[in-house]
Undergrad: 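Handing you a structure now.
Predicted model, so just to flag it, every value in this text is computed and none were measured. Labels below follow one simple rule: chain letters A, B, ... track the order of the sequence lines, proteins then strands, and each chain is numbered from 1.
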Amino acid sequence: MISITDLLIYTVSFVGIYTTVFFILVLIENRKHIKKKPLKQLPSVTVIVPAYNEEKTLSKTVESLLELDYPKDKLKIVIVDDGSKDNTLKVAKQYEKYSNITVYSKPNGGKHTALNFALERCNTDLAGALDADSFVDSQALKRLVAFFSDKKVMAVTPSMKIHNPKTVLQHIQRMEFLIGIFLRKIFAFLDSIHVTPGPFTMYRVDYFRKYGMYKKAYHTEDIEIALRIQTENLRIENCVDAYVYTHGPSKFVPLRKQRIRWYRGFLENVIDYKQLFGRKHGNLGLFVLPMSFVSVALIISLASYNIGLMLKNWYLSFKNLMAINFDVTNLQWFRFDLFFMNTKPVAVVGFFGLFMALCLVIITKFLSREKKSILKSYVYFFLFYWVLFAYWWSLAIIQKLANKKTTWGHKSE
Amino acid sequence: MKNRKRMDWPKHGAVFAITILIFSIGILIGSQINQTKMSSIAELSEELRVITMSSELEFAILTENPCEVTDLSFLTEELDELSKKVEFMENQLGRGNPEVLKLKNFYSIVQLRHYLLMTKLVDECEFNLTNIVYFYSNEGDCPECNQQGFILSYLRNIHPINVYSIDINSENSAIRALKTIHKVETAPSLIIDGEVFEGFKTRNELLELI
């Protein structure tokens, strides 16, 4: 009889191979639509920089905006100090000398209130935010606005990358973000983008006027607004070469808090917009959203089962070593022999699944134009991401079930 | 541009077919490799049978001076190698696999023949060697078997002992006979120099017995 582990590996491999093959086919089919020709008539844009205690990183963010290759008369930069307790406002004020930069200060009310504060005063065609811990590539905006040539497009997402990863956790995030670049492009081809990342997603200002401003949305206003756009049957595009760089949390606890907020926010918002499931919303309702929950369920099951098995084996090994008074010098250690390689059909199928995942990573590297080596990030990602993903999601689900209040966690998003 | 939101069912059909194809190739390759491994074990078993027979013959020829045999380690390494491989294949293909059962049966017979031969040698020549028959069960009814096996493997590295691991649930008639003669009913059980010890034995208890 087939064991639980085998059944799980078969299911995960099947789902993994199926989705990867599907995504690759979608990419091949749409290969001519990956990029857009730049617009001759550029729209006017407001970039909002909501800042709360960002005195150290604000300058880099604003400097990167000033270096954008975009006509200055069509680009407004609005810095909103959301009641910071440090010198954020002072740093921001230094930039008031630029004619296209406006600085506002308001009492603290959360990111969505800072964004709405600026949006209410906005008179450009497009608007978007750039968190004060992120910065942009100089060509990002010009490339991104080209996708607004389609009148139904309400938002265009950029490609996010982790800037200068140092710790293991940052390398894992780097790989995750790079894969995110591929996935977001595919989701755009399927009209199924369900998260418009905070940093540098551009929106039509008219959308906010017609369909309402940002909502608190469990501290994930970027998920809520994406789902809202999808509900209205409007479109969200992705610009794969509009690069935005952000600092990923370097430590375990801030990263955990950030992820719980993201996943919990996703869960809560999807429940609020449950009407998106079903035939009416095509790829999003029948494939992308259901598949994201199936993946979460499978990875949690696989991770918990494997961790359980690993702990049991460690316990048995410990007990065995204890039984010989830890006299390890007289043990015959592992010796490599091809014969003892697991060649069960399930292992070969699992290997195929991993191979497909590697293909996806190679495509991602190509698509994201990442010049630096991704080997280190990939190895860390491959070794630890599934455990972390399962852990964060489990906590998010437990907190949702316990109805615990959501907190902001790490600021960058 | 066509409506990208709409589900493209023919594409999903094609993806499903490709996935099934990749899956089938994986299963086919896995089964093929396992089949090759099985035959390599079968070959090793054949080799062992020949070695066992020739060593018995050698023993018979040397009957007049059997104690002139100096190398007592012959066969034990090969037996050990085979035991690991059979155990691995048992995990890979499942305990109920007829090929595995056949191999295990054969392996047990080779082991028992070797055990009898070595016992005779030790008795007649007073060699410093302890022969241990270890009865284990891997049907979930012997939680101590993993540890007992580990201790025996460890002791084999530091003392002159031969360990013959026998599945207590084996249907082999020779094993049944051995169990009946020594009244072995539960696992773990050990036969050390002809004496039966039932239940788990610690490292120190075993050191006293050998």
Undergrad: Could you tell me which portion of T19(A) (side chain, backbone, both or neither) has an atom closer than 4.5 angstrom to a non-hydrogen atom of chain B?
TA: neither
Undergrad: Would you mind checking which part of F14(A) comes under 4.5 Å of any heavy atom in chain B, side chain (CB onward), backbone (N, CA, C, O), both or neither?
TA: both
Undergrad: If you tally heavy-atom pairs under 4.5 Å against chain B, which of H281(A), K280(A), R279(A) wins?
TA: H281(A)
Undergrad: Over 60° means perpendicular and under 30° means parallel, so tell me whether H194(A) and F266(A) are parallel, tilted or perpendicular.
TA: tilted
Undergrad: For F189(A) and H33(A), I'd like to know if the aromatic rings sit close, meaning centre-to-centre distance below 6.0 Å.
TA: no
Undergrad: Compute the ring centroids of F197(B) and Y134(B), then answer whether they are less than 6.0 Å apart.
TA: no
Undergrad: Using non-hydrogen atoms and a 4.5 Å limit, figure out which bit of L25(A) sits close to chain B: side chain, backbone, both or neither.
TA: side chain
Undergrad: Select one option (side chain, backbone, both, neither) describing which atoms of I18(B) are under 4.5 Å from chain A's heavy atoms.
TA: side chain
Undergrad: Which atoms of T202(B) come close to chain A, meaning under 4.5 Å heavy atom to heavy atom: side chain ones, backbone ones, both, or neither?
TA: neither
Undergrad: If we ignore angles and hydrogens, is there a donor and acceptor under 3.5 Å between the side chains of N146(B) and N320(A)?
TA: yes
Undergrad: Would the F135(B) and Y164(B) ring centres measure less than 6.0 Å apart?
TA: no
Undergrad: Given the ring of F340(A), does K84(B) sit roughly above its face, with NZ or CZ under 6.0 Å from the centre of the six-membered ring and within 45° of the axis?
TA: no
Undergrad: With chain B as the partner, which of I324(A), I17(A), V346(A) has the greatest number of non-hydrogen pairs under 4.5 Å?
TA: I324(A)
Undergrad: Step through it carefully: locate the ring centre of Y207(A), locate the ring centre of Y211(A), and say whether they are under 6.0 Å apart.
TA: yes
Undergrad: Between the side chains of E185(B) and K179(B), is the shortest nitrogen-to-carboxylate-oxygen separation below 4.0 Å, so that they form an ion pair?
TA: no
Undergrad: For chain A, find which of Q147(B), Q148(B), Q92(B) contributes the most heavy-atom pairs closer than 4.5 angstrom.
TA: Q92(B)
Undergrad: If you tally heavy-atom pairs under 4.5 Å against chain B, which of L316(A), L286(A), I24(A), V288(A) wins?
TA: L286(A)
Undergrad: Taking the six-membered ring for Trp and the full ring for Phe, Tyr or His, determine whether the centres of F287(A) and F22(A) are under 6.0 Å apart.
TA: yes
Undergrad: Which atoms of A323(A) come close to chain B, meaning under 4.5 Å heavy atom to heavy atom: side chain ones, backbone ones, both, or neither?
TA: both
Undergrad: Between Y10(A) and chain B, with a heavy-atom cut-off of 4.5 Å, which part of the residue counts as in contact: side chain, backbone, both or neither?
TA: both
Undergrad: For each of D150(A), V348(A), T20(A), L284(A), tally heavy-atom pairs with chain B at distances under 4.5 Å, and name the one with the top tally.
TA: V348(A)
Undergrad: Counting only non-hydrogen atoms closer than 4.5 Å, does I25(B) touch chain A with its backbone (N, CA, C, O), its side chain (CB onward), both, or neither?
TA: both
Undergrad: So which residue, I158(B), I29(B), I22(B), I151(B), ends up with the most heavy-atom pairs under 4.5 Å with chain A?
TA: I22(B)
Undergrad: So what's closer than 4.5 Å to chain A heavy atoms on S153(B): side chain, backbone, both or neither?
TA: neither
Undergrad: So does R228(A) pair up with E224(A), basic N to acidic O under 4.0 Å?
TA: yes
Undergrad: Flag the one option from M89(B), R203(B), H12(B) with the top tally of heavy-atom pairs under 4.5 Å to chain A.
TA: H12(B)
